[in-house]
Amino acid sequence: MKKLYVAMVGLPGRGKSTLARRIRDGLNSEGISAKIFNNGDVRRQLLGDASTEPDFYNPDNSFGREARELICRRNLENARDWLAYGGEVAILDATNASAERRRYLEENLTDHPLLFIECVNEDPLLLNACIRRKADLPEYANYTKNEALASFMKRIGYYETIYEPLSSEKYWMCVDTTANRVLAEQPCEVSPYYAAIREIVVSMWINNLYLARHGQTEFNVQGRIGGDPPLTAKGRAQAQALGRHMANIPLEWVFTSTRMRSHETAAPVLESHPRAHSMALREFDEIWAGDCENMLYSEIREKMPEVSAGRNANKYSYMYPNGESYAILQERVRRGLRRALFLSGDTPLLILGHQAINRVLISLFLRQRTEDVPYIHIPQNQYFHIQLTPTRKLFERVPYEPGGVQDTALRDPKVYS
Ligand code: F6P
């Protein structure tokens, strides 16, 4: 039987553990037995709090260095035993930051091929958010938020002094984990699992994504576009209903736009999920109507007939004067989605967007003709629920207000085939 070691590589906050879990789950779903061996778990079991202090990671601290080598050896032996007793793919989840450490792995894991997967994340916003989130880890329970942050930053600083990107290793893949993209690779043709792993790495993986539009605003009632209007009483009731409905869903992340209507709609959801993280991303701001911002549709027809005519002729590609088109919006919405998915890892997330934003988001999951995208109906009393993993493909529209209608056509899982 062919077996494989996979060793993750990368500094903290680069998405190694999330990718390791996806590789494990993706392979398991194909009937291949895969297991993660995480150095951090062994460290916490063996050393507990002693290994939380940043100086434990100082390369000049011989106690820390020897302890980390011991942990690496222990994990390596566990992985080797597991493969010997029937396992197929053993995933070593650790920073494996130095070339010296990776040479050690190559010299000691000779019974089966060894594939290194380096995780890269060069998005400062994501790095910052990941690092801030680490301060919530149980190992920092006795620290204030600022102490935890400072301690973790120092730990990363030590890792940075020894970090060397992959280069001379035999088999490797370098992955931009923020975009599910292989940046470079030295394929492991001798392993039948390489192709399967590559496929998992480049696939979008969504356990539970919820998309909702903000509640009704004054502008919606008037037929006015853009701007930053507040919710109406009806909009606030819709937001409350969404909050009540979502209370039963274990959300971990809520992403909003930077607009008031998005924040006001998110507020009741966040009240029912006090532990959830929230973040406002500009990528989810409504389509920018440029010179037409804050205007009534009727005013635009009257005063700028060329705009209405341009939109009627090709709404997807038409760009508002000094504003955006749906085609342009697509790029930033994609970037926002990538950021939201990276930060939430495999945990459930809600994106609280706008009409055009949700149209574009939906078009990234449901195959649509581009000319139809600007006409997708986006209600203010229903949300979309999406799952996209090797074992589950779901797209459903769920009413959250009495009277909302379930759209069975959109529940058809065949949409992905
Ligand atoms: O009308 C609400 C709104 O969100 C506007 O702010 C935005 O310009 C518009 O929807 C987008 O929809 P459409 O492209 O159909 O005008």
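Both ligands and their constituent atoms are indexed starting at 1 by order of listing.
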task = Take F37 and L76 through the side-chain contact (heavy atoms from CB on, under 4.5 Å) test and state the conclusion after the steps.
result = CA-CA 8 Å; F37 297 84; L76 178 153; over 6 Å; no
I'd like to check whether [X] has a polar contact with ligand 1, where a contact means an N/O of the residue lying under 3.5 Å from an N/O of the ligand.
X: R359; answer: yes
X: R311; answer: yes
X: E286; answer: yes

ask   = Is it the case that R311 places NZ or CZ above or below the six-membered ring of Y318, under 6.0 angstrom from the centre and within 45 degrees of the axis?
value = no
inquiry  = In terms of relative ring orientation, are Y400 and Y383 parallel, tilted or perpendicular, with 30° and 60° separating the classes?
reply    = parallel
When you measure from [atom] to every protein heavy atom, which one gives the shortest distance, and what is it?
atom: atom 16 (O) of ligand 1; answer: Y297 OH, 2.5 Å
atom: atom 15 (O) of ligand 1; answer: K315 NZ, 2.6 Å
atom: atom 10 (O) of ligand 1; answer: Q355 NE2, 3.0 Å

key: Backbone of A179 reached by a side-chain donor or acceptor of R338 within 3.5 Å   = no
inquiry  = Tell me whether E169 is salt-bridged to R102, with the criterion being a basic N under 4.0 Å from an acidic carboxylate O.
reply    = yes
task = Check each heavy atom of Y326 against ligand 1 and say whether those closer than 4.0 Å belong to the side chain, the backbone, both or neither.
result = side chain
key: Distance-only polar pair, side chains of T232 and E218, donor-acceptor under 3.5 Å   = no
